[in-house]
Amino acid sequence: MLPEMGSEGSSRVVVPRNFRLLEELERGEKGIGDGTVSYGMDDADDVFMQSWTGTIIGPPNTVHEGRIYQLKLFCGKEYPDRPPGVRFQSRINMSCVNYETGVVEPSHFPMLADWKRENTMEDILMQLKKEMTSPQNRKLSQPSDGHEEGRVDQKGLVVKCCIM
């Protein structure tokens, strides 16, 4: 663990990146709350623990109810000091998401814009689920249920998904 000097000269412990990600992995594997949000690593052999998949089941009494949304989270080498990249693989219409790319836009999603080291991937997923219930998102028309959509990822590959 690395000591970091606080503003009053006191030191606090900063958990190294990989320890932090191992804690998040363990928590993600145990399940979160009511089971409507989950996450885990894409590749167990990824020693840098960069690529993660998240799932959000749409909240009740919204247009998202019953929909299952898949997301990709990318934790670069600066995580958790810098937020992960977050992109919906599933098509979704939300005020904080670029409709064409699925990228959660930090300028429209305060948790990413005002990132704090203490925030986690779980916090992001929970906040996105909460955002689905906000007045500006709860009734936005969504792509058709069960309609397979292709989304081009950052490497130019077409990602196929089916919203059920």
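For the numbers below, each heavy atom of this structure counts, side chains included, while hydrogens, waters and symmetry mates do not.
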Visitor: After noting the C-alpha distance and the side-chain angles of Q50 and Y79, does the key distance pass the side-chain contact (heavy atoms from CB on, under 4.5 Å) rule?
Guide: CA-CA 9 Å; Q50 295 182 60; Y79 183 84; over 6 Å; no
Visitor: Report the distance from atom CZ of R20 to atom CE of M121, rounding to the nearest 0.5 Å.
Guide: 8.0 Å
Visitor: With no hydrogens and no angle check, is any side-chain donor or acceptor of S90 less than 3.5 Å from a backbone partner on Q70?
Guide: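 Side chain of S90 to backbone of Q70: a pair is present.
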Visitor: Using the side-chain contact (heavy atoms from CB on, under 4.5 Å) rule, pick out the option among V97, L125, L73 that qualifies with V86.
Guide: L73
Visitor: Is C96 close to E131 at the side-chain level, that is, under 4.5 Å between some pair of heavy atoms?
Guide: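 Touching, per the 4.5 Å side-chain cut-off.
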Visitor: Under the rule for side chain to side chain contact (heavy atoms under 4.5 Å, CB included), what residues qualify as partners of E78, not counting sequence neighbours?
Guide: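 In terms of side chain to side chain contact (heavy atoms under 4.5 Å, CB included), with neighbours along the sequence ignored, E78 is linked to R82.
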Visitor: Only one of N137, I56, V37 clears side-chain contact (heavy atoms from CB on, under 4.5 Å) with L128; which?
Guide: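 When N137, I56, V37 are each tested with L128, the side-chain contact (heavy atoms from CB on, under 4.5 Å) holds only for I56.
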Visitor: Are R91 and Y99 in a cation-pi contact, defined as NZ or CZ under 6.0 Å from the six-membered ring centre and within 45° of the axis?
Guide: yes
Visitor: Tell me which pairs pass ring pair (Phe, Tyr, Trp, His ring centres under 6.0 Å) where either residue lies in residues 23-54, with sequence neighbours left out.
Guide: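 Applying ring pair (Phe, Tyr, Trp, His ring centres under 6.0 Å) to every pair that reaches into residues 23-54, excluding sequence neighbours, yields nothing.
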Visitor: Quick check: does any side chain N or O of R138 sit under 3.5 Å from a backbone N or O of N61, one acting as donor and the other as acceptor?
Guide: yes
Visitor: Looking at K129 and D34, is there a salt bridge between them, counting it only when a charged N and a carboxylate O are closer than 4.0 Å?
Guide: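 A salt bridge is present here (some side-chain N lies under 4.0 Å from a carboxylate O).
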Visitor: Can a side-chain donor-acceptor contact be found between E24 and T120 if the only test is distance below 3.5 angstrom?
Guide: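 Side chains of T120 and E24: no pair found under 3.5 Å.
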Visitor: Does a side chain donor of either K72 or T53 reach within less than 3.5 Å of an acceptor in the other side chain?
Guide: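 Yes, T53 and K72 have a side-chain donor paired with an acceptor closer than 3.5 Å.
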Visitor: Does S141 offer a backbone N or O that forms a donor-acceptor pair with the side chain of N93 under 3.5 Å?
Guide: yes
Visitor: Tell me the closest heavy-atom pair linking P80 and W115, and the distance in Å.
Guide: O-NE1, 2.7 Å
Visitor: Using modelled atom types only, decide if a donor and an acceptor are shared between the side chain of R17 and the backbone of G76 within a distance under 3.5 Å.
Guide: yes
Visitor: Might you work through the salt bridge (charged side-chain N to carboxylate O under 4.0 Å, His left out) test for E26 and K30, ending with a clear yes or no?
Guide: CA-CA 6 Å; E26 184 178 342; K30 287 182 180 176; 3.5 Å; yes
Visitor: Checking the side chain of Q142 only, and the main-chain atoms of L140 only, is there a donor and an acceptor separated by less than 3.5 Å?
Guide: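 Yes: the side chain of Q142 pairs with the backbone of L140.
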